[in-house]
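Following this message is one structure expressed as structure tokens.
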Amino acid sequence: MGNFQHKHSLGQNFLKDKSVLTRIIDSVDIKEDDLIIEIGPGQGALTKYLKLFHANLICFEIDTRVKKYLDNFLDDKTDIIYQDFLTIDLNKFLADYKYNKLYVIANLPYYITTPIIEKLSNSNLEFEAMVLMVQNEVANRLSAIPGTKDYGAITVLLKYLYDVQKLFFVSRESFDPMPKVDSAVIKLTPRNDGFVATNFDVFNKLVRDAFKMKRKNLKNNLSSYNLDIINEVLNKYGLSLSDRAEMVCLDCFIEIANVISK
Ligand code: SAM
């Protein structure tokens with residue numbers, strides 16, 4: 001837009017494809033008393049569509065140069081905060097807002113995708129859903145199923161908290177300037193059922209250890225654990241210690257973690 005100098009270092013690839021924007025907002029059913037957090041509004045391509053919900057909206061943008069574009073969106077239900085999202089104390093910040101359901105909808109700056117997702121998941125805020133544009137490769141990793149090459153520790157740890165759905169692929173041509181990689185939109189919905197790890201730290205460490213060496217099997221990666229107990233649980237799932245972690249589903253990891261935390 002105009003002679004704006006996009007900063008590659010801030011992940012400034014702005015969405016220009018209206019059909020992508022429509023599909024993003026069609027993926028959620030947001031009401032006027034809900035609150036949307038947008039991270040990185042840029043020149044407001046997505047913000048413009050989010051405003052259609054007439055919900056409360058808070059946008060966090062690090063680059064003050066876009067203020068002249070974003071000022072148009074300000075009203076009594078919209079706040080734009082010029083600050084690094086990663087430095088915001090989100091729980092404290094949101095304490096001043098009244099809302100029904102909480103959503104995060106964002107075309108993320110890719111250089112900090114993981115820290116942003118970690119910050120949101122560690123916040124303990126109750127999100128109704130998060131709809132996030134990420135690199136296609138990251139979307140595949142986060143939404144992978146057991147037995148596939150993309151399935152890794154991050155998949156399992158995120159799946160513990162959320163149902164992760166890859167909604168749709170987005171070509172690099174949908175952005176200006178065009179990035180070197182394609183993207184995809186994912187939807188994270190809190191998982192309120194299923195097994196719970198009695199000790200999250202044990203579960204977290206187990207999953208990371210199990211995937212430590214991608215090519216090694218569970219027997220090797222988990223050699224410092226009580227392998228007999230682990231093998232018993234694995235057998236229940238039709239697996240054994242000679243399998244690799246990528247074969248192990250979330251429930252099986254939780255069950256192993258619960259048995260070894262006893
Ligand atoms: N939402 C816009 C769109 O869809 O066209 C822009 C998306 S662009 C991929 C990412 C945006 O995140 C940029 O505007 C960038 O300045 C902003 N950004 C980068 N780092 C940030 C940070 N740490 N906190 C907040 N915003 C950040």
Side-chain angles (χ1 to χ4, degrees), residues 1-28 30 35-53 55 57-74 78-94 103-123 125 129-139 142 167-188:
M1 222 188 268
N3 53 7
F4 185 81
Q5 293 289 321
H6 297 81
K7 281 195 184 164
H8 179 67
S9 61
L10 291 179
Q12 290 183 338
N13 300 99
F14 296 151
L15 252 172
K16 60 173 187 183
D17 185 336
K18 292 194 172 64
S19 69
V20 171
L21 289 158
T22 308
R23 289 180 80 182
I24 292 175
I25 62 160
D26 282 352
S27 70
V28 276
I30 298 180
L35 172 61
I36 310 171
I37 295 177
E38 184 188 4
I39 303 154
Q43 291 177 334
L46 177 58
T47 319
K48 187 173 165 191
Y49 282 72
L50 296 177
K51 293 284 287 185
L52 299 173
F53 290 117
L57 175 63
I58 310 174
C59 305
F60 295 99
E61 172 57 62
I62 200 169
D63 188 354
T64 50
R65 295 178 308 147
V66 293
K67 190 171 180 302
K68 59 175 184 271
Y69 304 98
L70 296 178
D71 275 350
N72 299 326
F73 296 111
L74 285 170
T78 305
D79 284 332
I80 300 169
I81 313 297
Y82 293 94
Q83 202 176 319
D84 177 349
F85 178 71
L86 294 178
T87 65
I88 304 273
D89 181 338
L90 210 50
N91 296 61
K92 208 166 147 195
F93 191 90
L94 291 186
Y103 292 84
V104 179
I105 307 194
N107 173 12
L108 292 181
Y110 292 169
Y111 73 106
I112 44 170
T113 301
T114 308
I116 289 177
I117 294 181
E118 278 175 358
K119 182 183 175 92
L120 294 167
S121 349
N122 294 338
S123 69
L125 287 164
M130 302 188 211
V131 178
L132 308 173
M133 175 89 73
V134 298
Q135 275 185 35
N136 187 46
E137 194 189 292
V138 174
L142 299 183
L167 294 184
F168 56 93
F169 170 89
V170 181
S171 157
R172 65 191 77 183
E173 287 170 17
S174 302
F175 299 88
D176 176 35
M178 186 169 85
K180 289 199 178 71
V181 292
D182 294 314
S183 295
V185 175
I186 55 170
K187 184 172 184 179
L188 275 52

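Whatever order the structure lists ligands and atoms in, that order sets their numbers, starting from 1. Bear in mind that the values here come from a model prediction, so they are computed numbers and not experimental data. In what follows, every heavy atom counts, from backbone to side chain, and hydrogens, waters and symmetry copies are set aside.
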Gln135-Arg172 side chain donor-acceptor pair, cut-off 3.5 Å:
no
Minimum heavy-atom separation for Lys187 to Ser27, with atom names?
NZ-O, 2.7 Å
More than 12 non-hydrogen atoms from neighbouring residues, nucleotides or ligands closer than 6.0 Å to NZ on Lys48, yes or no?
no
Please list, by chain and number, the protein residues whose heavy atoms come under 4.0 Å of ligand 1.
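Leu10, Gly11, Gln12, Asn13, Phe14, Leu15, Glu38, Gly40, Pro41, Gly42, Ala45, Phe60, Glu61, Ile62, Asp63, Gln83, Asp84, Phe85, Asn107, Leu108, Pro109, Tyr111, Ile112.
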Residue pair Glu38 / Thr47, side-chain donor-acceptor N/O under 3.5 Å:
yes
Are the aromatic rings of Phe93 and Phe60 close, with centres under 6.0 Å apart?
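Ring centroids of Phe93 and Phe60 are less than 6.0 Å from each other.
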State which residues pass side chain to side chain contact (heavy atoms under 4.5 Å, CB included) with Asp26; sequence neighbours excluded, sorted by chain then number.
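In terms of side chain to side chain contact (heavy atoms under 4.5 Å, CB included), with neighbours along the sequence ignored, Asp26 is linked to Thr22.
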